[in-house]
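Since the structure comes first, as structure tokens, the remarks are kept for the end.
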Amino acid sequence: MRKVRELLRFCIGQNMSARQGAKIAGLGKTAASQYISGFKSSGLTLAAAEALSDSELLAALNLKKETENTRFSELSILFPYFIKELKRTGVTLQILWEEYLNTHPQGYAYSQFCHHYFLWRKEQKVSMRMEHKAGDKMYVDFAGSKLCVTNQKTGEIIEYEVFVSVLGASQLSYIEAVPSQTKADWIAVNQAALRFYGGVPAAIVPDCLKSAVIKADKYEPQINESFEDFARHYNTAIVPARALHPKDKALAENFVRSAYTQIYARIRNQIFYSVEELNLALWEHLDTYNKKNFQGRDHSRQQLFDEIEKQELKPLPIETYELKSFCEYKVQYNHHIYLKEDFHYYSVPFILTGKVVRITYTNRLVEIYYDNQRVAMHQRSRLKYGYSTKDEHRPKEHSFMLKWTPERFIEWASKISPETQELVTHILDSRPHPEQAYRSCMGILNLEKTHPKEDYIKACQKALTLECYNYNFIKNTLKTKTFNLNDEEELSLFTLPKHDNIRGKEMFN
């Protein structure tokens with residue numbers, strides 16, 4: 001069009017011939033003649049033509065009038081309809097052409113049909129736009145400019161991040177202010193966007209912020225584990241935009257620019273005392289924006305969403321997503337894992353002692369996985385250095401020990417003899433904690449099963465007399481049968497025999 005304007009300046013403003021003007025402007029003489037003829041028939045002045053945009057001037061020159069016919073007019077009227085229908089899943093130009101021929105039997109063949117459609121689309125400046133299928137993608141991002149909330153008590157100005165999302169086919173948009181770009185806020189606001197749309201697209205296209213993408217890569221970006229788990233919950237996929245390629249999420253970028261003029265500008269003089277007030281104002285103007293017709297179209301984003309995209313979205317799950325954290329730990333010798341965040345221990349089946357397990361935890365639950373199978377689940381506890389233990393995770397002998405109590409041992413001993421009961425009671429009382437005496441009591445009581453009861457009772461009597469309250473004394477007494485010896489006989493057992501090689505204490509001065 002720059003060359004056309006030069007041609008008009010030379011031929012209309014300076015009265016050059018079409019041939020001379022075409023040569024200077026760099027146009028063919030035939031095309032130059034058509035432009036000059038179209039200008040003269042338009043009734044425009046050169047000054048008026050200078051004020052028009054390129055597309056307006058091209059339309060005013062009316063170059064197509066001579067070539068247009070009824071058949072083309074009937075087809076061109078359908079082009080905006082084709083644009084809308086091609087966003088539907090499975091719809092192709094071949095299908096639209098077949099439908100066109102059903103109502104226009106004398107219409108164009110498929111090749112001419114496509115030719116005219118692509119020329120029209122190019123003139124509409126949509127040739128470089130991505131073709132978005134209904135229900136396919138949701139583009140998400142944070143706006144560069146933040147919005148502010150004023151603390152009513154202190155007057156402090158607090159900045160809030162502004163999240164935006166756009167559906168590909170209908171361009172229905174969503175906006176919300178959140179405290180930060182942290183993982184918790186990022187997942188919560190993505191969830192809010194899906195609830196706003198009332199369904200789930202096949203994929204979510206985020207920027208490469210850390211809450212979404214741990215490591216950007218052209219071929220295999222590493223998705224944040226929590227965001228990936230969020231996608232699994234909603235049965236969708238994460239397809240990050242390439243780093244430094246804003247066109248990969250052009251719809252989100254465009255909405256950010258529109259939000260500045262259509263939403264930000266309209267609330268610029270308002271003061272908000274809470275993020276709830278701010279979001280209510282954002283959503284009020286968002287509703288107006290979504291219901292406003294596209295420029296040059298007879299439908300809005302909301303209408304397009306209701307007509308072609310709403311039914312293509314997958315249904316929302318019944319339960320909302322609860323933010324999860326992930327880590328891996330080795331099961332300790334006591335068949336527990338230690339969750340560092342809470343300073344708390346959680347039990348695992350004892351056969352996994354020494355194994356590395358994967359822990360998934362939320363605000364309510366702690367789940368433990370091994371070999372991709374859940375092996376334990378606990379209510380989350382914030383009790384520092386406490387233990388959450390399930391009986392079924394213990395070895396059998398440990399479970400049996402849980403049933404041991406001082407009263408049970410005393411009752412057991414009383415059934416053997418009063419001497420045994422007294423001995424067990426002394427043993428339990430002699431330890432700082434009763435559990436320290438359980439094994440000794442168990443050993444002493446079991447000795448009764450392998451020795452004559454009379455001998456066993458005498459051994460207990462001797463232990464009481466000498467105040468030797470331990471298992472080894474009873475065991476050795478029964479083994480050596482010293483429970484019947486008097487003091488002199490017992491002392492002789494510990495007296496060394498006389499021998500020339502044994503020297504007395506007088507030899508060591």
Check this for me: [X], atom [atom1], are more than 12 non-hydrogen atoms of other residues, nucleotides or ligands nearer than 6.0 Å?
| X | atom1 | value |
| --- | --- | --- |
| Lys390 | NZ | yes |
| Ile214 | CD1 | yes |
| Gln270 | CD | yes |

Quick check on the 6.0 Å ring-centre criterion: do [X] and [Y] meet it?
| X | Y | answer |
| --- | --- | --- |
| His336 | Tyr387 | yes |
| His116 | Tyr108 | yes |
| Tyr346 | His344 | yes |
| Tyr345 | Tyr385 | no |
| Tyr329 | Tyr338 | no |
| Tyr234 | Phe230 | yes |

Looking only at side-chain N and O atoms, does [Y] offer a donor or acceptor that is under 3.5 Å from a partner on [X]?
| X | Y | result |
| --- | --- | --- |
| Glu341 | Tyr361 | yes |
| Glu176 | Tyr174 | yes |
| Asp185 | Ser180 | yes |
| Asp306 | Gln302 | yes |
| Gln303 | Glu307 | no |

Calculate, to the nearest 0.5 Å, the distance between atoms [atom1] and [atom2] belonging to [X] and [Y] respectively.
| X | Y | atom1 | atom2 | answer |
| --- | --- | --- | --- | --- |
| Glu309 | Gln171 | CD | CD | 9.5 Å |
| Ser325 | Leu339 | OG | CG | 9.0 Å |
| Ile223 | Asp229 | CD1 | CG | 13.0 Å |

When you measure from the side chain of [X] to the backbone N and O of [Y], does any donor-acceptor pair fall under 3.5 Å?
| X | Y | value |
| --- | --- | --- |
| Asn279 | Ala177 | yes |
| Asp371 | Gln373 | no |
| Asp136 | Ala202 | no |
| His233 | Glu319 | yes |
| Asn151 | Lys153 | yes |

Could you walk me through whether Phe255 and Tyr139 pass ring pair (Phe, Tyr, Trp, His ring centres under 6.0 Å), step by step?
-> CA-CA 10 Å; Phe255 176 51; Tyr139 298 86; over 10 Å; no
Can you check side-chain contact (heavy atoms from CB on, under 4.5 Å) on Ser258 and Tyr289, steps first, answer last?
-> CA-CA 9 Å; Ser258 297; Tyr289 173 80; 3.6 Å; yes
State which residue, out of Trp186, Phe326, Tyr321, fulfils the ring pair (Phe, Tyr, Trp, His ring centres under 6.0 Å) condition with Phe227.
->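 It is Trp186; the other options fail the test.
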